[in-house]
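Each remark here refers to the structure printed beneath this line.
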Amino acid sequence: MFNPSLSNEQNALRDLARRFTQNEIVPIAAEADRSGEYPWELVEKAHAIGLINVTVPEEYGGGGLGHFEDCLVVEEIAAGCAGICSSFVTSSLGLTPLNIAATPEQMERFMKPLCAEPALAAFCLTEPGAGSDAASIRTRARRDGDFYILNGTKRFITNAGVARLYTVAATLDPKLRHRGFVVLLVPADAAGISLGKEEDKMGQRAASTREVIFEDVRVPVESRLGREGAGFRLVMDTLDKLRAEVAAMAVGVARAAMEAAVKYAKEREQFGQPIASFQGIQFKLADMAIKIEASRLLVWRAAWMADQGLRNGYESAIAKCFAADSAMQIATDAVQIFGGYGYTKEYPVEKYMRDAKLLQIYEGTSEIQRLVISRWLLK
Ligand SMILES: Cc1cc2nc3c(=O)[nH]c(=O)nc-3n(C[C@H](O)[C@H](O)[C@H](O)COP(=O)(O)OP(=O)(O)OC[C@H]3O[C@@H](n4cnc5c(N)ncnc54)[C@H](O)[C@@H]3O)c2cc1C
């Protein structure tokens, strides 16, 4: 039975993530956003105190915890900087297919060394011609004896260039669509991999986003996760599990925006009184709180279901869609409450608004979440 209350251990983990965010992330978030340079030292610090690889089993160097605990951490880190958080969550996205489908030998070979040191993974699905329609990927894995020869271009890959491991969705034959999928584990330093230029993004600028180009990359057959042709299911199961984390990011961004708006509304005076005394402002703040509380419960339910091994495609799509749309609305309203000052970089709310937008786009757009939800209703 889903019980939305936290144990002492979960509270302690959340406090740890909150302190880390306040001490290490908040002081550098604005500068990382401005420069677009990836703050690698945070990976080292987060790794040292167990705030990355949370869901990886302990025997392979991870936290041995569930998606629920991961979501507690993610909400806190995203409240400090969604870009930095995005990098950590994407690493989980790259590692979750191993948690689901890797053999013990693959866990020893790929997961253990990766988790032993400060290191990240990346998840390579999207291509220039294949976004929402993931089954239309064209990155080809051609079998050559005990190897696949990998050719193709992956677009918008978070952690490209900083990751040590690429988890790559490829196809044996594009005509087979979802039936032709394989998921391959490819070390980032494999011969034949090159990177496109850093994307100059609107928000979440601290995260690195680039193309990854595979040219005749030789990947041993034993680096394939699961069966040939079963890769699409693995990709979809991974996205279902990790959508709770993306939704938790949305809760973090929205909470930061609301807290900034509450503080400012109490300080800023117009017409001889704090703007917080106007009902028009109060109702905006109340709507923020309603959406945040509802989003968090949806996140917790979706994550709890993932940890119980229950299919959570419907619940995680609802959580991601509602939390991302809410975060965008809340960040926009926070800018409104700040008036002209909200439109400047003097205050963090314009960053929250830019950061929130991406949450409605990646890991399945809000439209695609609505497709998923309506399919469940109509089937
Ligand atoms: C900063 C950033 C980081 C990213 N990180 C990663 C990553 O690490 N790994 C990775 O694999 N991908 C990553 N992505 C890719 C991301 O997941 C895709 O951009 C997203 O899935 C949308 O694909 P698209 O951009 O091709 O848009 P399209 O699929 O072309 O969609 C364009 C518009 O059409 C709408 N649309 C499409 N199909 C339908 C439909 N059937 N019904 C209604 N509306 C529809 C969409 O909702 C959208 O509004 C990242 C993207 C960005 C911008």
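All heavy atoms count here, side chains included; hydrogens, waters and symmetry mates do not. Counting convention: from 1, in listed order, for ligands and their atoms alike. The structure displayed is predicted, hence computed values, not measured ones.
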**Q.** Sub-4.0 Å atoms of ligand 1 with respect to non-hydrogen atoms of Leu358
**A.** 1 (C), 2 (C), 52 (C), 53 (C)
Q.
Closer than 4.0 angstrom, basic N to acidic O: yes or no for Arg255 and Glu259?
A. yes
Q: Identify, for atom 21 (O) of ligand 1, the protein heavy atom at the shortest distance, and state residue, atom and that distance.
A: Ile361 O, 4.0 Å
Q. Is the closest side-chain donor-acceptor distance between His47 and Glu117 under 3.5 Å?
A. no
Q.
Under a 3.5 Å cutoff, is there a donor and acceptor pairing between the side chains of Tyr362 and Thr90?
A. no
Q | Residues Arg205 and Asp200 bridged, charged N to O under 4.0 Å | A | yes
Q.
One thing to verify: whether Arg296 and Glu293 come together as a salt bridge, which I'm taking to mean a side-chain N less than 4.0 angstrom from a carboxylate O.
A. yes
(Q) Students should be able to answer this: which protein heavy-atom is nearest to atom 45 (C) of ligand 1, and at what distance? (A) Glu367 CB, 4.4 Å
(Q) Counting non-hydrogen protein atoms only, what is the nearest one to atom 42 (N) of ligand 1? Give residue, atom name and distance. (A) Leu371 CD1, 4.1 Å
Q.
Does the protein come close to atom 29 (O) of ligand 1 - that is, does one of its heavy atoms sit below 4.0 Å from that atom?
A. yes
Q.
Under 4.5 Å between side-chain heavy atoms, counting indirect links through other Ile/Leu/Val/Met/Phe/Trp/Tyr residues: same cluster for Val183 and Ile157 or not?
A. no
**Q.** Under 4.0 Å to a heavy atom of Thr126 - the qualifying atoms of ligand 1, by number
**A.** 10 (C), 11 (O), 12 (N), 13 (C), 14 (N), 15 (C), 16 (C), 17 (O)
Q: Select one of side chain, backbone, both or neither to describe which atoms of Thr90 lie under 4.0 Å from any atom of ligand 1, heavy atoms only.
A: side chain
Q. Hey, is atom 33 (C) of ligand 1 touched by any protein heavy atom at less than 4.0 Å?
A. no
Q: Within a distance under 4.0 Å of any heavy atom of Lys201, pick out the atoms of ligand 1 and give their elements.
A: 1 (C)
Q. Rounded to the nearest 0.5 Å, how far does OG1 of Thr209 lie from CD of Gln204?
A. 8.0 Å
Q: Scan Lys320, Lys357, Arg370 and name whichever one has a salt bridge (Lys or Arg N to Asp or Glu O under 4.0 Å) with Asp325.
A: Arg370
Q: For atom 15 (C) of ligand 1, decide whether some protein heavy-atom distance is shorter than 4.0 Å.
A: yes
Q: Quick one: look up the protein heavy atom nearest atom 8 (O) of ligand 1 and list residue, atom name and how far away it is.
A: Thr158 N, 3.0 Å
Q: Can you sort out the partners of Lys284 under side chain to side chain contact (heavy atoms under 4.5 Å, CB included), two or more places apart, ordered by chain and number?
A: Asp333, Gln336, Ile337
Q) Under the 6.0 Å and 45° cation-pi test, does Arg301 pair with Phe2? A) no
(Q) Check this for me - ligand 1, Leu125, N or O atoms closer than 3.5 angstrom, yes or no? (A) yes
Q: Among Ile, Leu, Val, Met, Phe, Trp and Tyr joined by side-chain contacts under 4.5 Å, find the other residues sharing a cluster with Leu65 and list them by chain and number.
A: Leu13, Leu16, Phe20, Ile25, Ile28, Tyr38, Trp40, Leu42, Val43, Ile49, Leu51, Ile52, Val54, Val73, Ile77, Ile84, Phe88, Leu120, Val162
Q: Write out the residue and atom name of the closest protein heavy atom to atom 9 (N) of ligand 1, then the distance separating them to 0.1 Å.
A: Phe123 O, 2.8 Å
Q.
Closer than 4.0 Å to some heavy atom of Thr365 - which atoms of ligand 1 meet that?
A. 22 (C), 46 (C), 47 (O)
Q: Among all protein heavy atoms, pick the one closest to atom 7 (C) of ligand 1 and tell me residue, atom and distance.
A: Phe156 O, 3.3 Å
Q) Among protein heavy atoms, which lies nearest atom 27 (O) of ligand 1, and at what distance? A) Ser132 OG, 4.3 Å
(Q) Under 4.0 Å from a heavy atom of Glu363: which atoms of ligand 1 are those, numbered in the order shown and with their elements? (A) 17 (O)
Q: Identify the protein heavy atom lying closest to atom 24 (P) of ligand 1, giving its residue, its atom name and the separation to 0.1 Å.
A: Gly131 CA, 3.9 Å
